[in-house]
Amino acid sequence: MRQQVNGHGSGSDAHSGGESLREELQEFLGGEALLHQLDDLTQVNPVTLETVLRCLQARYSADMFYTNAGCTLVALNPFKPVPQLYSTELMQEYHAAPQPQKLKPHIFTVGEQTYRNVKSLMEPVNQSIVVSGESGAGKTWTSRCLMKFYAVVAASPTSRESHKIAERIEQRILNSNPVMEAFGNAGTLRNNNSSRFGKFIQLQLNRTQQMTGAAVQTYLLEKTRVACQASSERNFHIFYQICKGASADERLQWHLPEGATFSWLPNPERTLEEDCFEVTREAMLHLGIDAPTQNNIFQALAGLLHLGNIQFADSRDEAQPCQLMDSAKCSARTSASLLRLPEDLLLETLQIRTIRAGRQQQVFQKPCSRAECDTRRDCLAKLVYARLFDWLVSVINSSICADPDSWTTFIGLLDVYGFESFPNNSLEQLCINYANEKLQQHFVAHYLRAQQEEYAAEGLQWSFVNYQDNQTCLDLIEGSPISICSLMNEECRLNRPSSAAQLQTRIESALAGSPCLGHDKLSQEPSFIVVHYAGPVRYHTAGLVEKNKDPVPPELTRLLQQSQDPLLKVLFPPDPEEKSQEEPSGQSRTPVLTVVSKFKASLEQLLQVLHSTTPHYIRCIKPNSQGQAQMFHPEEVLSQLEACGLVETIHISAAGFPIRVSHRNFVERYELLRRLRPGTAPSQSADEGRSERSPRAEQATLQALFQDILHTLPALAQAAATPGDRAEATPAPVHCGRTKVFMTDSTLELLERGRAQVLEQCARCIQGGWRRHQRRKQERQRQAAVLIQAAIRSWLTRKHIQRLHAAATVIKRAWQKWRIRMAFLASKELDGVEEKHSSQAPRSPSSLSLPQAQSRLPGGATRLWPLGLVLANAAVGVRGFQRKLVVFACLQLPVGAPSSYTIQTAQDQAGVMSIRALPQGSIRFRCRKSPLRYADICPQPSPDSVTGFNQILLERHKLGHV
């Protein structure tokens, strides 16, 4: 029973242990599920290599290939096509976003940040993006996508003509990529499209931040790859493109038959995505390289392939030159034909060496050994290819570079070779790793050391982070007075043959005290080890000095100057002033400029450009060395994280304060926030009375304003926090140094949000006052318009009435004249009545009995007949028979002949209604149309007026017949 109990107890313990283990596993998986949601590695806690590695692995599994690491963007190579991640729509989304940093981490975020920095600053500062990483980590692809992004967002002109120009510039800039990659990239052990040269692309912007052109500067082309390729590696892409993509006619012209083998074209069976001949030809055509020139280029490249098949046999007699192998005679003839060179002269130059000796510079010819013939053959190929590559770069620059007066700022893209460590490392790997050391030092100086030194200078309480400084390694490589580069240059200047063992001995003895120099005692080959920031690398000293000299025999240059090929004539002009680099053979000969010296000078020039810009860093990480998708090797990624100092960067970015603003600029920008505190009295601005205050008083004023601004942060944090989240409601600390204010991005966001709130309130107040002013102004304008309209209408009315009065006066005067004339005519007609009628007519008894006073009345009225007629017609005055006598007298009617006229008087009122006289003799009517418009219309007469003076019949309206 006890055993059962014990057994049961042990089973329950196992069950509970399994449950706890499952809970821990779920918690771990839950933590892993949350890790992929962290867009910034500074948010992991604690910040260690393990947690950073887990976060990157979780995001990589979720197809999130970009992660922020403070001031750096980490880019994991997906090793698979992700077209939606680099579409034009996504570029426009990041470009149009108000705050791109709040979107998912992307290379477009870095591109947009650099573009806005150039666009928004009052005094724009040139920007640069340093894309670094190992070979195969995706640096070339990142640079290509950034160029596409800038070509999209920085080409938005307004006019149609400028839009065409911008499209042409954009197309040329993008077309420079396939040409540069075809002639400068190759397949290596780690990368199928490895850049075998460094390039700094300068995207030029005008004052309106539109792309007007670009310029390309190259560094250290690995021209030895033309004639020497490592095992399982390939030559430059362009050689495979012309062999696989040429047409049948072109193959026949360039002597490239199907199935032909070339010693300088290893691994031709491998087909890569970069072996696209038509893309390269079309890009060259857009850059201004026409079809005949392209044909000359590809013909010269085919000639170099055939040149590589030239093999020499050892000579039995040292006085005789080496002879060609039978299998190489056809290749020599074909190569000379393609390069348009005399075959005999080509072979003679490769087989015989010309020596100048003595003060008289006497010329001696010495047959070369087989090894020397191979070296001269390889040197000829490297010389042609290097000149061709430089010529292509100059053609690209002449096609895409803008006029210096048309651009003001630029954004630089630096795509350099990644850190390399192969089984056999020589001068190329030493220069490449030396460049990476310099860039790492630039990064350390810019972000790590500069930040900590500034914190200490400002008096901040800061726990310093131990970062990896590579100055010791740089002193070993380039230091003065003794370094690896100086010893190699000294060996080149000495007029003696240099051996590999002797160079190794000199380096180990002269630089034995350097901690970055090591020695492999088990190695049988002469070599030395340099401990780089990314790890130790062993360099073989064999051939190191000869590569540093890079000797070009002058007879090779003279040979190429005799070519009849148009392209080679351009590459090798017969200029007497142009001197080839010759071997030092006399005391008067000037020192030769070595490869290391030229590379060091160009690298220093590049770093000067980077120091004059605001740099941004993109660290490309390779998840695995096999190039497989969805495969994450923690060991390989961990070594890359340690090599690039990413953990130190995360530590300082997480614990530090990336935002640093001077006291005066801080107060000037955020003094508006004091408006958010009620009861705060406005104080004197920092600029007012600046010359009148002492520096101590000015600093005290700034400190008071600074404290008032900081008191607004809690309220801003609470307003911006999510309800119930206390962490967000607590603002991040702000530190005030001796001359600057240090704060985090979250604090800056709070301050900017509060400033935007105050500006919005001020804007609303200004808008309200402006609208009120506008409405008042409109009301005053309306009242003034009404007053002006009333005055104009009154004036127009008065003018109209005046015109009517004037017209009425004219009509009245014409009417009066007409009436007078008609009265005159009527009186003249009435005065012509014969007197005989009055004398012959019998007098009535009533007339004889008239008193004498009444008989005199007609006589008096006759003299003024119109007046008498009016008086007789009046409603008051004389009555009865006296009225009739007045009428008789006025009209001079015969009194004794009543049969010749009839008098009708009104029955109801006094006055004459009508007097009708019988016509005497004939009557003539003369009708003439009056010139007056309304002369035919008789106006409405008044009841007591007399009308019709121009008529014989006088009538009065509304009177009855008597």
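Listed by chain and number, the residues in a side-chain hydrogen bond (donor to acceptor under 3.5 Å, both in side chains) with Tyr539 are Asn433, His532 (sequence neighbours excluded). In terms of the side-chain contact (heavy atoms from CB on, under 4.5 Å) criterion, residue partners of Ala260 (sequence neighbours excluded) are, by chain and number, Pro257, Phe262. The side-chain contact (heavy atoms from CB on, under 4.5 Å) test applied to Asn193 returns Thr140, Arg144, Glu181, Asn185, Asn191, His237, Glu274, not counting sequence neighbours. Evaluation of the side-chain hydrogen bond (donor to acceptor under 3.5 Å, both in side chains) rule for Glu478 yields Tyr434, Lys438 as partners, not counting sequence neighbours. Listed by chain and residue number, nothing satisfies the salt bridge (Lys or Arg N to Asp or Glu O under 4.0 Å) test with Asp475 (two or more places apart in sequence, or in another chain). For Arg251, the salt bridge (Lys or Arg N to Asp or Glu O under 4.0 Å) partners are Glu258, not counting sequence neighbours. With sequence neighbours excluded, the residues forming a side-chain hydrogen bond (donor to acceptor under 3.5 Å, both in side chains) with Glu525 are His540, listed by chain and number. For Glu437, the salt bridge (Lys or Arg N to Asp or Glu O under 4.0 Å) test picks out no residue, with sequence neighbours left out. Here Lys600 pairs with nothing under the salt bridge (Lys or Arg N to Asp or Glu O under 4.0 Å) rule; sequence neighbours left out. Applying the side-chain contact (heavy atoms from CB on, under 4.5 Å) criterion to Pro266, with sequence neighbours excluded, gives Gln229, Tyr240. Every residue meeting the side-chain hydrogen bond (donor to acceptor under 3.5 Å, both in side chains) condition with Arg196, not counting sequence neighbours, appears here in chain and number order: Ser194, Glu222, Glu420.
Aromatic ring centres of Trp264 and Phe239: separated by at least 6.0 Å. Taking the six-membered ring for Trp, Tyr60 and Phe65 have ring centres closer than 6.0 Å.
Taking 4.5 Å as the limit, some side-chain heavy atom of Ile238 sits within range of a side-chain heavy atom of Leu301. For the pair Val530 and Pro536, the minimum side-chain heavy-atom distance is 4.5 Å or more. Looking at Thr594 and Lys598, their side chains never come closer than 4.5 Å, going by heavy atoms from C-beta outward. Side-chain contact check for Ile618 versus Thr72: every heavy-atom pair is 4.5 Å or farther apart. Pro105 places a side-chain heavy atom less than 4.5 Å from the side chain of Asn68. A 4.5 Å side-chain heavy-atom check between Met180 and Phe197 finds at least one atom pair inside the cut-off. Side-chain contact between Arg234 and Arg270 is present, with at least one heavy-atom pair separated by less than 4.5 Å. Residues Arg619 and Leu73 are not in side-chain contact: their nearest non-hydrogen atoms beyond the backbone lie 4.5 Å or more apart.
Aromatic ring orientation, His442 versus Tyr617: tilted (interplanar angle from 30° to 60°). The aromatic rings of Tyr86 and His106 sit perpendicular, their planes meeting at an angle over 60°, well past the 30° parallel limit.
The local environment of CD in Glu604 is crowded, with over 12 non-hydrogen atoms from other residues, nucleotides or ligands closer than 6.0 Å. Atom NZ of Lys382 has more than 12 heavy atoms from other residues, nucleotides or ligands within 6.0 Å. For CD of Gln630, the number of neighbouring non-hydrogen atoms (other residues, nucleotides, ligands) closer than 6.0 Å is greater than 12.
The CG atom of Asn397 lies 11.0 Å from the CG atom of Leu392; values are rounded to the nearest 0.5 Å. In this structure, Asn177 CG and Ile396 CD1 are separated by 9.0 Å, a value rounded to the nearest 0.5 Å. Atom CG of residue Leu76 and atom OG1 of residue Thr67 lie 6.0 Å apart, to the nearest 0.5 angstrom. Distance check: Leu610 CG to Leu439 CG gives 7.0 Å after rounding to the nearest 0.5 Å. Atoms CZ and SG, from Phe108 and Cys145 in turn, are 6.0 Å apart once rounded to the nearest 0.5 Å. To the nearest 0.5 Å, the span separating CG on Leu146 from NZ on Lys148 amounts to 11.5 Å.
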Item to check | Test side-chain contact (heavy atoms from CB on, under 4.5 Å) applied to Ile411 and Asn126, step by step | outcome: CA-CA 6 Å; Ile411 299 175; Asn126 297 324; over 6 Å; no
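Under the 4.0 Å criterion applied to side-chain N and carboxylate O atoms, Lys223 and Asp378 are not assigned as salt-bridge partners. Residues Lys547 and Glu428 are paired through a salt bridge, judged by an N-O separation under 4.0 Å between the basic side chain and the carboxylate. Ion pairing between a basic and an acidic side chain is recognised when a charged N comes within 4.0 Å of a carboxylate O; Arg387 and Asp390 show no such pairing. A salt bridge is absent between Asp415 and Lys139: the closest approach of a Lys/Arg side-chain nitrogen to an acidic carboxylate oxygen does not fall below 4.0 angstrom.
What you find for Asn77 and Gly138 is that their closest heavy atoms are ND2-N, 3.7 Å. Heavy-atom minimum distance, Gly184 versus Leu221: CA-CD1, 4.4 Å. Taking each heavy atom of Leu556 and Arg376 in turn, the nearest pair found is CD1-O, 3.8 Å.
None of Tyr385, Phe389, Phe183 except one satisfies the ring pair (Phe, Tyr, Trp, His ring centres under 6.0 Å) rule with Phe236; the exception is Tyr385.
A donor-acceptor contact closer than 3.5 angstrom is absent between the side chains of Gln127 and Thr613. No side-chain N or O of Tyr115 forms a donor-acceptor pair with one of Gln113 less than 3.5 Å apart. With 3.5 Å as the limit, one finds no donor-acceptor pair spanning the side chains of Tyr66 and Thr109.
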Please list every donor-acceptor pair under 3.5 Å in which a side-chain atom of residues 302-309 meets a protein atom from a residue at least two apart or in another chain.
{"unit_1": "His306", "atom_1": "NE2", "unit_2": "His255", "atom_2": "O", "d": "2.7"}
{"unit_1": "Asn309", "atom_1": "OD1", "unit_2": "Ser263", "atom_2": "N", "d": "3.0"}
{"unit_1": "Asn309", "atom_1": "OD1", "unit_2": "Ser263", "atom_2": "OG", "d": "3.4"}
{"unit_1": "Asn309", "atom_1": "ND2", "unit_2": "Thr261", "atom_2": "O", "d": "3.4"}

